[in-house]
Amino acid sequence: MLDPKLLRGNLDEVATKLARRGYELDTNAFNELEARRKDLQIRTQELQNKRNTISKGIGKAKAAGEDIQPLLDEVASLGDELKAAEEQLKTLQGELRELLLGMPNLPDDSVPDGKDEADNREERTWGEIPAFDFEPKDHVDLGEALGGLDFAAAAKLTGSRFAVMHGSLARLHRALTQFMLDLHTTEHGYSETYVPYMVNEASLYGTGQLPKFAEDLFRLEGEQGWHLIPTAEVPLTNLLRDEILEADRLPFKVLAHTPCFRSEAGAYGKDTRGMIRQHQFDKVELVQAVRAEDSFDALEELTGHAETVLRKLELPYRVVTLCTGDLGFSSAKTYDLEVWLPGQNKYREISSCSNFLDFQARRMQARWRNPDTGKPELLHTINGSGLAVGRTLVAVLENYQQKDGSVRVPEVLRPYMGGMELIR
RNA sequence: GGAGAGAUGGCAGAGCGGUUGAAUGCACCGGUCUUGAAAACCGGCAAGGGUUAAUAGCCCUUCCUGGGUUCGAAUCCCAGUCUCUCCGCCA
């Protein structure tokens with residue numbers, strides 16, 4: 001959520017920045033709504049003040065044994081007007097809040113303008129794109145031939161966009177997860193965390209999935225309003241909701257390995273083959289919360305942590321800065337890590353690292369106490385995948401494949417695979 | 001699932017329908033004392049919002065959440081959430 005004070009004071013500037021990402025802010029409508037809010041709020045609070053003053057007077061008069069009837073008469077006339085004003089104010093503030101909750105974050109100045117992923121800016125590439133002396137297969141052909149990937153079984157058990165893994169590939173999936181967890185906890189300073197895979201609506205409002213993106217989520221039946229998590233970002237970041245951290249707890253760095261559940265509404269026909277786009281996939285998620293002035297450094301650092309996974313796995317990748325049109329709702333700046341997939345002959349997203357500034361923190365009142373002032377200040381939140389496990393498995397299969405259809409095991413994974421060097 | 005108890009400031013813990021945003025203790029911050037520290041003593045110390053140039057004043061809201069009663073609710077009523085204890089069931 002954007003700072004309401006920023007909107008009041010710099011509306012045109014905010015509108016200009018929002019326009020960069022294709023969000024049209026009706027400044028006249030906002031101004032009109034805001035003017036009404038101001039009037040109504042001032043009037044309501046005046047009435048409340050009057051009522052409070054008289055009521056206290058009644059208490060005193062009664063204690064002194066005086067006649068309270070004149071005071072009762074005076075306050076009686078207030079009643080209806082106050083009630084009406086309070087109700088109107090509540091409605092109006094609800095409208096303003098809805099508007100604010102539906103407004104995306106402002107893109108950082110360093111974010112390139114653009115319409116879609118074609119306008120993203122490549123920052124750097126790493127690794128050699130492998131040259132094969134045979135026609136490389138994609139992960140589906142490789143996995144099915146190895147007997148480790150079974151999409152037909154998954155379709156029978158559940159439906160499309162699910163996977164069943166067997167044997168060495170299932171183990172490779174687990175090995176990748178363990179490798180990532182160990183790397184980030186021992187070398188990058190994240191605290192391993194176990195979280196619920198279902199969250200309530202307040203948590204989803206906090207990170208920005210609600211109210212606008214309900215159709216992307218799986219909602220469970222029942223009164224509670226629980227949803228399956230689309231990413232561990234939701235439970236991890238919401239650990240800080242309604243909290244005030246002491247300064248010595250910063251930077252706050254946590255990580256979790258969880259399954260992620262996405263309805264993929266609106267993705268019909270997209271990436272229908274294989275494991276690229278599933279309703280359920282595993283991910284190791286990195287989350288940081290830091291002081292405002294540290295957040296862009298933290299974004300670089302966290303992106304580097306995700307890159308380290310790819311480097312240690314020796315998978316070629318590139319880093320792109322998402323353009324304004326491709327930027328996620330809550331993010332001010334996002335780097336995508338795209339891994340090279342020989343089966344598709346292109347780079348595909350495998351991690352997304354974002355700085356949300358105080359956008360999420362304001363929604364969830366996540367603060368830290370500045371010892372210099374003694375006052376709470378909003379945190380800045382940063383997160384990124386480190387990495388999406390399923391897509392990493394795809395990348396390993398396709399980049400490490402051999403002519404005979406076997407797959408070499410990356411060096412760093414061998415300890416997690418009981419020393420196995422080759423999957424055949 | 002059944003029965004009972006509870007939810008108050010960073011923590012512990014008082015609180016009669018009326019000058020209670022809330023006693024007291026601990027923690028924390030500042031000061032006095034001290035070579036320094038501790039102790040002792042003095043003072044300060046919730047959050048969110050509005051107004052405003054203001055991080056100054058003033059005002060509003062908040063004692064789990066949402067309704068209600070009342071001139072006035074932390075205190076009374078209703079519904080819900082969560083925690084604890086006992087019983088049942090269970091990985």
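Proteins get letters first, then strands, A, B, ... in listed order; numbering begins at 1 in each.
Atoms CD (Q365(A)) and P (rA46(B)) sit 17 Å apart, rounded to a whole Å. Between K62(A) atom NZ and rU19(B) atom C1' there is a gap of 15 Å when expressed in whole angstrom units. Straight-line distance from the CD atom of Q41(A) to the C1' atom of rC60(B): 8 Å, rounded to whole Å. rG48(B) atom P lies 13 Å from atom CG of D3(A), rounded to whole Å. Rounded to whole Å, the distance from CD on E34(A) to P on rG49(B) is 14 Å. If you measure from atom NZ of K60(A) to atom C1' of rU20(B), you get 14 Å, rounded to the nearest angstrom. Across the protein-nucleic acid pair, L40(A) atom CG and rC60(B) atom C1' stand 13 Å apart, rounded to whole Å. What separates CG of N200(A) from P of rU65(B) is a distance of 15 Å, to the nearest Å.
Listed pair K5(A) / rU52(B) fails the phosphate criterion, with no side-chain N or O lying under 4.0 Å from OP1 or OP2. Look at R369(A) and you won't find any side-chain N or O under 4.0 angstrom from OP1 or OP2 of rA46(B). The side chain of R97(A) places no N or O atom within less than 4.0 Å of a non-bridging phosphate oxygen (OP1 or OP2) of rG49(B).
Across the C1' atoms, rC89(B) and rU81(B) are found 23 Å apart, a figure rounded to whole Å. Of the P atoms belonging to rC77(B) and rG88(B), the separation is 33 Å, rounded to the nearest Å. Atom name P, nucleotides rA73(B) and rU65(B): the rounded distance is 15 Å, in whole Å. Look at the P atom in both rG44(B) and rU24(B): the space between them is 11 Å, to the nearest Å. With P as the reference atom, rC76(B) and rA14(B) are 16 Å apart, rounded to whole Å. Rounded to the nearest Å, the gap between the C1' atom of rA38(B) and that of rU32(B) is 15 Å. A gap of 13 Å separates the P atoms of rG21(B) and rU75(B), to the nearest Å.
With rG18(B), rC60(B), rG48(B) as the candidates, the nucleotide lying closest to the side chain of I58(A) is rG18(B). Proximity note for K56(A) (side chain, C-beta onward) versus rC71(B), rG21(B), rU51(B): the nearest is rG21(B). The side chain of I244(A) approaches rA47(B) more closely than any other nucleotide in the set rU51(B), rC60(B), rA47(B). Distance from the side chain of R367(A) is smallest for rA47(B) among the nucleotides rG18(B), rA47(B), rU19(B). Residue R51(A) places its side chain closer to rG72(B) than to any other of rG72(B), rG50(B), rU19(B). Among the nucleotides rA47(B), rG48(B), rC71(B), the one closest to any side-chain atom of V75(A) is rC71(B). When distances are taken from the side chain of N49(A) to each of rC60(B), rG67(B), rG49(B), the shortest belongs to rC60(B). In the set rC59(B), rU61(B), rU69(B), the nucleotide with an atom closest to the side chain of N52(A) is rU61(B).
Counting any heavy atom pair closer than 4.0 Å across all strands shown, R37(A) reaches sugar-phosphate atoms only and no base atom. Within 4.0 Å of P376(A), counting heavy atoms only, lie sugar-phosphate atoms of the nucleic acid but no base atom. Using a 4.0 Å heavy-atom cutoff across all strands shown, R362(A) reaches no nucleic acid atom at all.
With both pairing distances under 3.5 Å, rG17(B) is matched to nothing as a Watson-Crick or G-U wobble pair. Of the nucleotides present, rU85(B) is the one that pairs with rA3(B) by Watson-Crick or G-U wobble criteria, both distances under 3.5 Å. Across every strand in view, rU61(B) sits in a pair with rA47(B) that passes the Watson-Crick or G-U test at under 3.5 angstrom. In a base pair of the Watson-Crick type (N1 to N3 plus N6-O4 or O6-N4) or a G-U wobble (N1-O2 and O6-N3), with each distance short of 3.5 Å, rU35(B) is matched with no nucleotide. Of the nucleotides present, none pairs with rA54(B) by Watson-Crick or G-U wobble criteria with both distances under 3.5 Å. Nucleotide rG10(B) has rC26(B) as its partner under the Watson-Crick or G-U criteria, with both atom distances under 3.5 Å. Using the Watson-Crick or G-U wobble rule with both distances under 3.5 Å, rU70(B) pairs with nothing in any strand shown.
Side-chain atoms of S110(A) and K333(A) include a donor-acceptor pair closer than 3.5 Å. For the residue pair Y335(A) and E300(A), a side-chain donor N or O sits within less than 3.5 Å of a side-chain acceptor on the partner. Looking only at atom types and distance, the side chain of D282(A) has a donor-acceptor partner in the side chain of H257(A) under 3.5 Å away.
Between K83(A) and K50(A), it is K50(A) whose nearest contact on RNA chain B lies nearer the 5' terminus. Of the two residues near RNA chain B, K375(A) and T53(A), the one whose nearest nucleotide lies more 5' is K375(A).
Under the side-chain hydrogen bond (donor to acceptor under 3.5 Å, both in side chains) test applied with N120(A), the options T321(A), T334(A), D336(A), D326(A) reduce to a single match, D326(A). Of the listed residues (D294(A), L379(A), L302(A)), just one forms a side-chain contact (heavy atoms from CB on, under 4.5 Å) with Q288(A), and that residue is L302(A).
Between Y194(A) and Y197(A), the two ring planes are tilted [angle within 30° to 60°]. Between F151(A) and H139(A), the ring planes lie perpendicular to each other; the angle is over 60°, past the 30° to 60° tilted range.
Considering only heavy atoms from C-beta on, D138(A) stays 4.5 Å or farther from L142(A) through its side chain.
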